[in-house]
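See structure below.
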Amino acid sequence: MDNKIRQLILSYNEPAPSNDLYNKIINRIKKEKMIYVRRRIFIFSLLAIFSMFGAFLSLQATTGELAYSNTFEFLSLLISDFDIVIAYWNNFLMAFLESLPYLTIASLLISIALFIESLKILTINIENIKQLKTLQYLKN
C-alpha cells in the first residue's frame, strides 16, 4: 500500500501554468485598480456636490443670522466711531463676539473645508485613472 502511494506521488506531474498567466494576473490587477479608482471618483464627486450645496445653504443661513444678530451695526460702529471703540475696546469686543452666530459660521467653514478636501481627493483620483489608462504591460 505504501509503495503504491509513493509511486503515485512520484509519478504525479504538476500542471504547467499557461504562458499568458502573468499577463492575465497583471490585467486583472489593473482592472481592479480601475474599479477602485472609479468608485472613489464617484463617491468624492457626490461628496463635492453635496458639500457645495451645503456650503450654499450655510452661506445663506450665516448671512441671515448675521443680519438678525446686528453684527453689521458693530462693524459700522467700528468704522464711524473708531475713537469710542478704542476707548471701550473690551466691551466692544465682548459685545461683538457675543453677537456672532458661531454655529452657522462653523457649519459654513466645515462645508467649505469638506468641499475643498473632496476636490483635492477627486483630482488625485482623476490623475490616477489617467496613469492607469496609459500604463501598458509588457507581454512575455
Side-chain angles (χ1 to χ4, degrees):
M1 181 81 160
D2 287 335
N3 225 2
K4 287 184 179 183
I5 293 175
R6 246 187 233 141
Q7 284 178 351
L8 184 63
I9 291 174
L10 291 175
S11 67
Y12 177 73
N13 294 327
E14 290 185 15
S18 64
N19 293 336
D20 63 341
L21 179 65
Y22 176 77
N23 291 330
K24 286 180 180 178
I25 292 172
I26 295 300
N27 288 334
R28 182 64 186 176
I29 291 171
K30 182 181 173 184
K31 185 178 177 183
E32 287 296 322
K33 283 182 182 179
M34 289 286 278
I35 291 170
Y36 175 73
V37 170
R38 285 184 179 153
R39 188 177 301 140
R40 285 180 57 101
I41 286 175
F42 176 73
I43 289 170
F44 285 106
S45 296
L46 285 179
L47 183 63
I49 290 169
F50 287 134
S51 62
M52 185 174 54
F53 182 69
F56 178 71
L57 292 178
S58 295
L59 181 63
Q60 285 184 337
T62 302
T63 55
E65 293 254 345
L66 283 173
Y68 180 72
S69 66
N70 297 328
T71 306
F72 295 119
E73 277 96 15
F74 285 111
L75 293 177
S76 68
L77 183 66
L78 183 66
I79 293 170
S80 65
D81 295 328
F82 188 70
D83 295 334
I84 295 173
V85 170
I86 291 298
Y88 299 103
W89 68 273
N90 288 337
N91 294 333
F92 175 78
L93 187 61
M94 289 301 290
F96 178 71
L97 290 177
E98 286 176 357
S99 72
L100 286 176
Y102 295 112
L103 187 60
T104 56
I105 291 173
S107 67
L108 176 66
L109 293 176
I110 288 171
S111 60
I112 289 173
L114 192 63
F115 176 69
I116 290 171
E117 188 67 25
S118 62
L119 281 182
K120 181 185 88 168
I121 294 172
L122 190 62
T123 56
I124 289 171
N125 285 321
I126 289 172
E127 287 298 319
N128 286 344
I129 209 163
K130 284 181 184 177
Q131 289 175 358
L132 283 173
K133 282 185 177 180
T134 59
L135 186 62
Q136 295 295 325
Y137 293 105
L138 299 174
K139 294 185 178 182
N140 290 342

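In this text, all values refer to a predicted model and were calculated from it rather than measured experimentally.
A single hydrophobic cluster is not seen to contain both Ile49 and Leu57; linkage of ILVMFWY side chains at heavy-atom distances under 4.5 Å, directly or through other members, places them apart. By the criterion of side-chain heavy atoms lying less than 4.5 angstrom apart, applied directly or through intervening Ile, Leu, Val, Met, Phe, Trp or Tyr residues, Phe72 is grouped together with Leu97 in one hydrophobic cluster. In this structure, Leu66 is not a member of the same hydrophobic cluster as Ile112, with clusters built from ILVMFWY side-chain heavy atoms closer than 4.5 Å. Leu108 and Ile116 end up in the same hydrophobic cluster when Ile, Leu, Val, Met, Phe, Trp and Tyr side chains are linked at under 4.5 Å. Hydrophobic clustering of Ile, Leu, Val, Met, Phe, Trp and Tyr side chains at less than 4.5 Å, counting indirect connections, unites Val85 with Leu93.
For the side chain to side chain donor-acceptor pair (under 3.5 Å) test, no residue two or more places apart in sequence or in another chain qualifies with Asp81. Listed by chain and residue number, Thr71 satisfy the side chain to side chain donor-acceptor pair (under 3.5 Å) test with Ser69 (two or more places apart in sequence, or in another chain). For Lys120, the side chain to side chain donor-acceptor pair (under 3.5 Å) partners two or more places apart in sequence, or in a different chain, are Glu117. With sequence neighbours excluded, the residues forming a salt bridge (Lys or Arg N to Asp or Glu O under 4.0 Å) with Glu32 are Arg28, listed by chain and number. Scanning for side chain to side chain donor-acceptor pair (under 3.5 Å) contacts around Tyr36 gives Arg40, with sequence neighbours left out.
No side-chain heavy atom of Ile86 sits less than 4.5 Å from a side-chain heavy atom of Phe92. Put simply, the side chain of Ser118 does not reach to within 4.5 Å of the side chain of Leu122, judged on heavy atoms. No side-chain heavy atom of Ile84 sits less than 4.5 Å from a side-chain heavy atom of Leu77.
Between Gln60 and Thr63, the closest heavy-atom pair is O-OG1, 2.9 Å. Listed here is the closest heavy atom pair of Thr62 and Thr104: OG1-O, 3.1 Å. Here the closest non-hydrogen pair linking Ser51 and Phe115 is OG-CA, 3.1 Å.
Rounded to the nearest 0.5 angstrom, Leu78 CG and Glu73 CD are separated by 13.5 Å. Separating the CZ atom in Phe56 from the CG atom in Leu59 is a distance of 7.5 Å, to the nearest 0.5 Å. Distance check: Asn128 CG to Lys33 NZ gives 9.5 Å after rounding to the nearest 0.5 Å. In this structure, CD1 on Ile25 lies 10.0 Å from CG on Asp20, to the nearest 0.5 angstrom. Between Ile43 atom CD1 and Ile121 atom CD1 the span is 11.0 Å, to the nearest 0.5 Å. Atoms CD1 and CD1, on Ile126 and Ile41 in that order, are 5.0 Å from each other to the nearest 0.5 Å.
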For Lys24 and Asn27: C-alpha separation, side-chain torsions, deciding distance, then whether side-chain contact (heavy atoms from CB on, under 4.5 Å) applies. CA-CA 5 Å; Lys24 286 180 180 178; Asn27 288 334; 6.0 Å; no

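In the hydrophobic clustering, Met94 connects to no other residue, as no ILVMFWY side-chain heavy atoms lie under 4.5 Å from its own.
Atom OH of Tyr102 is surrounded by more than 12 heavy atoms from other residues, nucleotides or ligands within 6.0 Å.
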